[in-house]
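Before any comments, here is the structure.
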Amino acid sequence: MQNIALIFGAKSAEHEVSIVTGLQAFEWIDKSKYNPYLLYLDNQNQAFICYHPVAKDYKDTIKKCLAENRKVQFVHGGIIISQGLFKKKISLDAVIMATHGCNGEDGKLQVLLDFYNIPYTGSGVSGSALGMDKILMKDIFLKHKLPLAKHLW
């Protein structure tokens with residue numbers, strides 16, 4: 001079975017929306033084909049592994065995740081999960097990105113994953129960064145003569 005991580009949360013104005021997205025996406029993963037790991041990024045971008053994603057209220061899931069305090073460190077090709085003195089390395093075949101806004105869709109998380117040679121879904125660093133910068137993206141559209149609504153900067 002392939003190991004996949006689903007990353008959600010992160011320091012962003014869209015933090016809570018990302019939590020809902022991540023937990024919903026986790027339910028859709030075919031657990032007979034994949035071994036999924038839920039990685040929550042808190043408001044400081046510290047990564048934690050969540051082992052109990054099935055709660056009525058997503059806030060309860062996050063409280064349990066933080067209470068367990070299983071911090072995650074990214075390493076070449078995967079992650080290391082820490083619990084007290086114990087550490088466990090998990091190789092990752094891919095990461096599903098369920099983050100929203102800055103620190104997730106803007107290329108910063110993609111840079112980290114590229115640095116550690118961990119494949120991920122979605123756009124790469126440049127595409128993500130340009131997609132979040134509306135002015136630069138509009139300049140690219142104009143230079144390629146693509147239709148564009150009038151705008152002011």
Side-chain angles (χ1 to χ4, degrees), residues 1-138 140-141:
M1 264 204 286
Q2 291 186 322
N3 290 332
I4 58 173
L6 196 148
I7 297 180
F8 64 101
K11 185 177 182 178
S12 166
E14 298 179 61
H15 180 86
E16 290 194 19
V17 173
S18 176
I19 293 170
V20 173
T21 299
L23 296 178
Q24 286 177 346
F26 182 80
E27 295 302 315
W28 300 329
I29 295 171
D30 184 346
K31 277 99 176 155
S32 69
K33 293 182 181 178
Y34 303 100
N35 189 21
Y37 293 90
L38 263 176
L39 299 183
Y40 169 64
L41 299 177
D42 70 7
N43 284 313
Q44 307 309 310
N45 288 330
Q46 172 64 57
F48 297 87
I49 189 150
C50 297
Y51 285 115
H52 304 286
V54 185
K56 286 186 178 185
D57 184 349
Y58 73 88
K59 292 178 183 177
D60 291 337
T61 298
I62 299 308
K63 283 180 191 174
K64 285 180 186 177
C65 180
L66 293 173
E68 290 173 349
N69 198 31
R70 291 193 171 119
K71 293 183 179 177
V72 172
Q73 175 186 354
F74 290 90
V75 295
H76 183 79
I79 55 175
I80 292 177
I81 301 168
S82 298
Q83 179 66 41
L85 298 174
F86 300 101
K87 295 184 180 204
K88 177 181 178 183
K89 182 175 184 205
I90 298 168
S91 296
L92 294 175
D93 295 295
V95 166
I96 298 171
M97 306 282 277
T99 51
H100 294 281
C102 64
N103 293 308
E105 287 183 293
D106 61 358
K108 292 176 186 163
L109 184 54
Q110 291 85 341
V111 165
L112 174 88
L113 295 171
D114 281 347
F115 183 80
Y116 287 115
N117 199 31
I118 302 170
Y120 53 88
T121 60
S123 300
V125 176
S126 299
S128 297
L130 286 172
M132 288 294 285
D133 188 320
K134 305 307 180 224
I135 301 304
L136 283 176
M137 199 71 240
K138 287 177 192 241
I140 291 169
F141 288 165

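Side-chain atoms are counted along with the backbone in the values below, which use heavy atoms only and exclude waters and symmetry mates.
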Spacing of [X] atom [atom1] and [Y] atom [atom2] [to the nearest 0.5 Å]:
{"X": "I19", "Y": "I62", "atom1": "CD1", "atom2": "CD1", "result": "4.5 Å"}
{"X": "I79", "Y": "K71", "atom1": "CD1", "atom2": "NZ", "result": "15.0 Å"}
{"X": "K64", "Y": "K59", "atom1": "NZ", "atom2": "NZ", "result": "16.0 Å"}
{"X": "Y51", "Y": "C65", "atom1": "OH", "atom2": "SG", "result": "10.0 Å"}
{"X": "I81", "Y": "E68", "atom1": "CD1", "atom2": "CD", "result": "11.0 Å"}
{"X": "L41", "Y": "L109", "atom1": "CG", "atom2": "CG", "result": "6.5 Å"}

Steps toward side-chain contact (heavy atoms from CB on, under 4.5 Å) verdict (L39, I49): CA-CA 5 Å; L39 299 183; I49 189 150; 4.2 Å; yes
Using a 4.5 Å cut-off on heavy atoms from C-beta on, say whether the side chain of [Y] contacts that of [X].
{"X": "R70", "Y": "F48", "value": "no"}
{"X": "L6", "Y": "Y34", "value": "no"}
{"X": "L38", "Y": "L23", "value": "yes"}

Non-neighbouring partners of E16 that pass side chain to side chain donor-acceptor pair (under 3.5 Å), sequence neighbours left out: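 For E16 the side chain to side chain donor-acceptor pair (under 3.5 Å) partners, ignoring immediate neighbours, are Y58.
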Residues which pass side chain to side chain donor-acceptor pair (under 3.5 Å) with N69, listed by chain and number, not counting sequence neighbours: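 N69: no side chain to side chain donor-acceptor pair (under 3.5 Å) contacts found.
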Name every donor-acceptor pair, under 3.5 Å, that has one atom in a side chain of residues 89-101 and the other anywhere in the protein, sequence neighbours excluded.
residue : atom : partner : partner atom : Å
K89     : NZ   : H76     : O            : 3.4
D93     : OD2  : N3      : N            : 2.8
T99     : OG1  : G104    : O            : 3.3
H100    : NE2  : T21     : OG1          : 2.8

Test ring-ring contact (aromatic ring centres under 6.0 Å, His included) applied to F8 - qualifying residues, sequence neighbours left out: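 By the ring-ring contact (aromatic ring centres under 6.0 Å, His included) rule, F8 matches Y40.
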Least distance between heavy atoms, A10 atom then H15 atom: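 Scanning both residues completely, I find the closest heavy atoms to be O-ND1, 2.7 Å.
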Exceeds 12 heavy-atom contacts within 6.0 angstrom, atom NZ of K11: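 Atom NZ in K11 is not packed in, count stays at 12 or less.
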Pairing residues for K31 by the side chain to side chain contact (heavy atoms under 4.5 Å, CB included) criterion, not counting sequence neighbours: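 For K31, the residues satisfying side chain to side chain contact (heavy atoms under 4.5 Å, CB included) (neighbours in sequence not counted) are F26, I29, P36.
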